[in-house]
Asks: 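First the structure, which I've put down as structure tokens, then a few questions once you've had a look.
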Amino acid sequence: MITRGSRKRFGLIAVCLAFFVVGIVACGSSATPVEVEPTLAPGDPTVYAERNPANSRLLTVIAELPLSFKEEGVWFADYFQARESAGAPQPASLTEFLALSESEREAYQAANRGLVQGPSLLADIRGDIREWDQSLGFSNFSVAVAVSTGEISFWFPPTEAAYMTLEYDQERLRQGLLDMGYVEGSKNGVTYYDAPRSTLESTRSDPLSFIAYMSMNRVVLGEGTLAVSGVQLIDLLPSFPGVAQGEVPSLGDDVAFSELAASLRNPLSAVLLTRSMVLEPEVAKPPRYEKPGEWGDLHQWEALGMGYGITEGAPWMALSLFYPDPDAAKADAGELTLRMSDYDSALRLTHPELREEQLAAMLKRPLDAICGALNTGYRSDENGSTLTIRCNMKDEFGRNVWWSVLLNMRDLGFLLP
């Protein structure tokens, strides 16, 4: 099994620079689960304890992922539902997109702006969509939902695996891969396609194949699904069919991630990370934080979930922590709410290499700038407890990825013990 410690990680600074380039600077335990109002000091935000995961596509998707994704993290984007909620068109191909009016194209693009950065594959093929469609029969327009795993890296070859639900002709894609030189293989009864070893000479005249070899080093085809991987996480892919057949544990079987996904309700985009990926990411220069003396302590939480969605036209952001201790969420509710309400960005500490003009473009008090009132609730049962803090986003941040910048840049000092 591949571990995070066995691979080279890239610095988080690449993600920040990417945002500038694309112009974004702009109760005790019981056998029955309970949802109750934590006791907060006078003046604290009202309590939010609703939990309705019945229609959560995030919950559905993590049940299709192998449990081994947990140590790599989950970055989820529901493109179809984002456009549906915005009343935007749903072109399935470049031809259909080009047939839209200018206002329809703008609505399509605006609907995607609040979602986390998608799999590297989708970014890599964006400039060659026409050729990709013709050769392999799918493109960015085909993808309804995408999940990627691993540290996000904008400037370097991808290190993550990706899983997508999409419309495509499986046989056409299979033949397209074989025509590109992919080699069909099998492991534990699972058929996959591996990219050939490429050289500069063999790819210089065929940039499409070069992109494919780097972004799709291994490919597993499914019914309406596609799993791809770069070199680093290649061994994750044969697990997918086993998950579908109930032979391999799924990420949905993990108590922490399933509880976090449920607590976020039905997000359009979300990120699920273990504690170590949040506070101790394996990068060349790990984040450094300074804990203010007036802060109290947080209990030992196991995993973090953050999500973004739109309910009745109102964009919202939610943050959840899962604790193995059934009593910890209730105990931490007031402390975490107060920390988040007046949190000052830690980017000067975590990224001393940033220039002054870059820091000036970031949010000095990100949560205060993004959020309206913070609403807090928790849930507890014999397996642990989940603390959720939720806010409606202010108008200027309603369809904006600033919420995920906090994650990408690890500007999360308010989660210190």
Asks: Within a strict 4.5 Å, meaning less than it, do heavy atoms of the Trp75 and Leu273 side chains meet?
Replies: yes
Asks: For Ala82 and Ala111, which heavy atoms make the closest approach, and how far apart are they?
Replies: CB-O, 3.6 Å
Asks: Go through the structure and list residues passing salt bridge (Lys or Arg N to Asp or Glu O under 4.0 Å) with Asp254, not counting sequence neighbours.
Replies: Lys70
Asks: Taking side chain as C-beta onward, heavy atoms only, is Asn266 less than 4.5 Å from Leu58?
Replies: no
Asks: Show your reasoning for whether side chain to side chain contact (heavy atoms under 4.5 Å, CB included) applies to Tyr192 and Asp194.
Replies: CA-CA 7 Å; Tyr192 58 83; Asp194 277 353; 3.3 Å; yes
Asks: Please find the pair of heavy atoms, one from Ala146 and one from Tyr79, that lie closest to each other, and give the distance.
Replies: CB-CE1, 3.7 Å
Asks: In Å, rounded to the nearest 0.5 Å, how long is the span from CZ of Phe257 to CG of Leu59?
Replies: 13.0 Å
Asks: May I ask you to decide if Leu100's main-chain N or O and Glu104's side chain share a donor-acceptor pair within less than 3.5 Å?
Replies: no
Asks: For Lys394 and Ile370, what are the C-alpha separation, side-chain angles and deciding distance, and is it a side chain to side chain contact (heavy atoms under 4.5 Å, CB included)?
Replies: CA-CA 6 Å; Lys394 295 179 181 177; Ile370 295 170; over 6 Å; no
Asks: Any chance you could measure Leu321, atom CG, to Glu259, atom CD, to the nearest 0.5 Å?
Replies: 13.5 Å
Asks: Mind checking whether Met216 and Val219 have side chains closer than 4.5 Å, heavy atoms only?
Replies: yes
Asks: In the structure I gave you, are the side-chain heavy atoms of Asn140 and Phe97 within less than 4.5 Å of one another anywhere?
Replies: no
Asks: Looking at every heavy atom in both Met277 and Glu72, which two are closest together, and how far apart are they?
Replies: CE-O, 3.2 Å
Asks: Taking C-beta and beyond as the side chain, do Leu221 and Tyr168 meet within less than 4.5 Å on heavy atoms?
Replies: yes
Asks: Under 4.5 Å between any side-chain heavy atoms of Leu387 and Arg379, yes or no?
Replies: no
Asks: If you measure only the distance, is there a donor-acceptor pair under 3.5 Å linking the side chains of Ser385 and Ser380?
Replies: no
Asks: What about Phe141 and Tyr108, are their ring centers closer than 6.0 Å?
Replies: yes
Asks: Does atom NZ (Lys364) have a neighbourhood of more than 12 heavy atoms from anything else shown, all under 6.0 Å?
Replies: no
Asks: Give, for atom CG of Leu208 and atom CD1 of Ile125, the distance between the pair rounded to the nearest 0.5 Å.
Replies: 9.0 Å
Asks: Can you measure from CG (Leu272) to OG (Ser320) and round to the nearest 0.5 angstrom?
Replies: 9.5 Å
Asks: Are any side-chain N or O atoms of Asp332 and backbone N or O atoms of His299, one a donor and one an acceptor, separated by less than 3.5 Å?
Replies: yes
Asks: Between Trp403 and Ser269, does a side chain to side chain contact (heavy atoms under 4.5 Å, CB included) hold up when you go through it step by step?
Replies: CA-CA 10 Å; Trp403 71 272; Ser269 191; 3.7 Å; yes
Asks: Shortest non-hydrogen contact from Val228 to Ser215?
Replies: CG2-O, 4.1 Å
Asks: Regarding Ser345 and Asp411, is there a side-chain donor-to-acceptor distance under 3.5 Å anywhere?
Replies: yes
Asks: Short question: side chain of Arg410, backbone of Leu407 - any donor-acceptor pair under 3.5 Å?
Replies: yes
Asks: If I take atom CD1 from residue Ile310 and atom CD from residue Glu84, how far apart are they, to the nearest 0.5 angstrom?
Replies: 12.0 Å
Asks: With a 4.5 Å heavy-atom cut-off, do Tyr343 and Asp368 have their side chains touching?
Replies: no
Asks: Quick check against the 3.5 Å criterion: does Ser135 have a side-chain atom that pairs as donor or acceptor with the backbone of Trp132?
Replies: no
Asks: Please indicate whether Glu294 has more than 12 foreign heavy atoms, meaning atoms of other residues, nucleotides or ligands, lying under 6.0 Å from its CD.
Replies: yes
Asks: Will you find, in the side chains of Thr376 and Thr337, an N or O donor that is under 3.5 Å from an N or O acceptor?
Replies: yes
Asks: Closest approach of Gln81 and Leu268, non-hydrogen atoms and distance?
Replies: CG-CD2, 3.6 Å
Asks: For Leu415 versus Val278, what's the shortest heavy-atom pair and its separation?
Replies: CD1-CG1, 4.1 Å
Asks: Do Arg339 and Phe414 form a cation-pi contact, if we require the NZ or CZ to be under 6.0 Å from the six-membered ring centre and within 45 degrees of the ring's axis?
Replies: no
Asks: May I ask you to decide if Cys391's main-chain N or O and Asn375's side chain share a donor-acceptor pair within less than 3.5 Å?
Replies: no
Asks: With a 6.0 Å cut-off (strictly less than), is the heavy-atom count around CZ of Arg130, excluding the residue itself, greater than 12?
Replies: no
Asks: Using modelled atom types only, decide if a donor and an acceptor are shared between the side chain of Thr274 and the backbone of Glu71 within a distance under 3.5 Å.
Replies: no
Asks: To the nearest 0.5 Å, what is the distance between CZ (Arg275) and OH (Tyr323)?
Replies: 9.0 Å
Asks: Output yes when a side-chain donor or acceptor of Arg105 lies under 3.5 Å from a complementary backbone atom of Leu98, and no otherwise.
Replies: yes
Asks: Other residues, nucleotides and ligands only: do more than 12 of their heavy atoms fall within 6.0 Å of CD on Glu167?
Replies: no
Asks: Measure the shortest side-chain to side-chain distance between Tyr213 and Ser209 over non-hydrogen atoms and say whether it is less than 4.5 angstrom.
Replies: yes
Asks: Is there a side chain to side chain contact (heavy atoms under 4.5 Å, CB included) between Val116 and Tyr308? Walk through the geometry before answering.
Replies: CA-CA 9 Å; Val116 296; Tyr308 154 84; over 6 Å; no
Asks: Is a donor from one side chain sitting under 3.5 angstrom from an acceptor on the other, for Tyr193 and Arg218?
Replies: no
Asks: Below 4.0 angstrom, N of the basic side chain to O of the carboxylate: do Asp325 and Lys330 qualify?
Replies: no
Asks: I'd like to know if the side chain of Glu335 and the backbone of Leu298 have a donor-acceptor N/O pair within less than 3.5 Å.
Replies: no
